[in-house]
Asker: 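Encoded as structure tokens, here's the structure I'll be asking about.
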Amino acid sequence: MKNKIVVALGGNALGKNPKEQLELVKNTAKPIVDLIEDGNEVIIAHGNGPQVGMINLAMETASKSEANTPEMPFPECGAMSQGYIGYHLQNAIREELLNRGMNIPVATVVTQVVVDKDDPAFENPTKPIGSFYTEEEAKKLEEEKGYKMKEDAGRGYRRVVPSPMPIDVAEKETVKTLVENGHVVITVGGGGIPVVKEGNSLIGVPAVIDKDFASEKIAEILDADYLIILTAVEKVAINFGKENEKWLEKLTVEEAQKYIEEGHFAPGSMLPKVQAAMKFASSKEGRKALITSLEKAAEGIQGKTGTLIVK
Ligand SMILES: Nc1ncnc2c1ncn2[C@@H]1O[C@H](COP(=O)(O)OP(=O)(O)O)[C@@H](O)[C@H]1O
Ligand SMILES: NC(=O)OP(=O)(O)O
């Protein structure tokens, strides 16, 4: 066994709608299976921003239409997004493994992530979900639906919901058991279904946990060697998008902190990735985090590309 790796898949691994997702996951499966073929133990996490927004809007629209379907609570929409993404991902990975002669079981665990009911994030929604809108459309949605809308990194307006920090993974023992027995597990999808503990009950709350932070949490729990955050860029940059842009190969936690203070990483996109990577790299001697693109995952783990974050 080489390494235990938690792979966090970004938006470009899944696309924006079911048809696109079904096609894209075939490509997404390839670098994941490359890592498995190389002898690594791989655990997969993924985002759900576009998907949970789409599901929630569809369910809300249907419940208010002539169809008069029952109202679907937000945490249930998160659970739906986990199931639908996991279904596509597990089949694509299974098929890619079989195509390469590997008969390894793959499964998605519907995963709940415990958050603090008093997390200040509940008072300040920041997590963009669903589609992009113009300023005018955004204003209309705020008035008609009571959504909170925010401009998302120069790409348009999106609905924002609270994004509390993950504290614990409710199904961690199940995930551990499956991983220890050689299963490929998809877990903490969409950052996990956010729940608060009330006695013996886990109660869903309307929020979306950042998948980079949830991936970091499960990576610590599973005592992973690597957290690999796969996104649309091969490396992290300082002065991103500017003339003096510089792509980084290696970052210590201290350097990363300095760059954060200088404002190099966009909140809601690169910032949580760098912060999750820093947290993982600091959590135990020898743990490393890598931020790279989906296509470069295998090369990244061989030290040939990506941005490596170390203590
Ligand atoms: N300093 C930076 N270095 C590299 N990319 C950055 C930086 N700041 C912002 N970005 C942008 O952040 C994007 C990744 O964030 P996002 O698209 O939200 O992630 P996800 O892959 O999880 O969906 C990159 O594709 C890039 O466009
Ligand atoms: N849950 C989450 O972080 O989703 P995105 O990565 O799609 O924003």
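In this text the structure is predicted, and so the values were computed from the model without any measurement. Indexing begins at 1, ligand by ligand and atom by atom, following the structure's order.
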Asker: With a cut-off of 4.0 Å, which atoms of ligand 1 are near a heavy atom of Ala232?
Answerer: 25 (O)
Asker: Considering only heavy atoms of His264, which atoms of ligand 1 have at least one such atom less than 4.0 Å away?
Answerer: 1 (N)
Asker: Nearest to atom 21 (O) of ligand 1, what protein heavy atom do you find, and at what distance?
Answerer: Thr231 OG1, 2.6 Å
Asker: In this structure, does ligand 1 have an atom that sits under 4.0 Å from one of the heavy atoms of Ala8?
Answerer: no
Asker: May I ask whether Pro50 places a heavy atom under 4.0 Å from ligand 2?
Answerer: yes
Asker: With heavy-atom distances below 4.0 Å as the criterion, list the atoms of ligand 2 near Gly190.
Answerer: 1 (N)
Asker: Determine whether the side chain, the backbone, both or neither of Lys127 has a heavy atom under 4.0 Å from any heavy atom of ligand 2.
Answerer: side chain
Asker: To the nearest 0.1 Å, how far is atom 16 (P) of ligand 1 from its closest protein heavy atom, and which atom is that?
Answerer: Ser269 CB, 4.0 Å
Asker: Using heavy-atom distances only, which candidate in Ile209, Leu9, Asp152, Asp210 approaches atom 1 (N) of ligand 2 most closely?
Answerer: Ile209
Asker: Only heavy atoms of Lys211, strictly under 4.0 Å: list the atoms of ligand 2 that pass.
Answerer: 1 (N), 2 (C), 3 (O), 6 (O)
Asker: Nearest 0.5 Å please: distance from the CD atom of Glu216 over to the CZ atom of Arg287.
Answerer: 8.0 Å
Asker: Would you kindly specify which portion of Val208 sits under 4.0 Å from ligand 2, judged on non-hydrogen atoms: side chain, backbone, both or neither?
Answerer: side chain
Asker: Any heavy atom of Gly10 sitting closer than 4.0 Å to ligand 2?
Answerer: no
Asker: Would you mind listing which atoms of ligand 2 come within a distance below 4.0 Å of any non-hydrogen atom of Gly47?
Answerer: 2 (C), 4 (O), 5 (P), 6 (O), 7 (O)
Asker: What atoms in ligand 1 come closer than 4.0 Å to a heavy atom of Gly11?
Answerer: 20 (P), 21 (O), 23 (O)
Asker: So if I apply the salt bridge (Lys or Arg N to Asp or Glu O under 4.0 Å) rule between Lys258 and each of Glu254, Glu262, Glu255, which one comes out positive?
Answerer: Glu262
Asker: Quick one: look up the protein heavy atom nearest atom 1 (N) of ligand 1 and list residue, atom name and how far away it is.
Answerer: Ala237 O, 2.7 Å
Asker: Would you mind listing which atoms of ligand 2 come within a distance below 4.0 Å of any non-hydrogen atom of Asn48?
Answerer: 1 (N), 2 (C), 4 (O), 5 (P), 7 (O)
Asker: At a 4.0 Å threshold, what atoms of ligand 1 neighbour a non-hydrogen atom of Gly268?
Answerer: 18 (O)
Asker: Tell me which part of Arg155 gets within contact of ligand 1: side chain, backbone, both or neither, using heavy atoms under 4.0 Å.
Answerer: side chain
Asker: Minimum distance, heavy atoms only, to atom 19 (O) of ligand 1: which one of Lys273, Lys211, Met270, Lys235 is it?
Answerer: Lys273
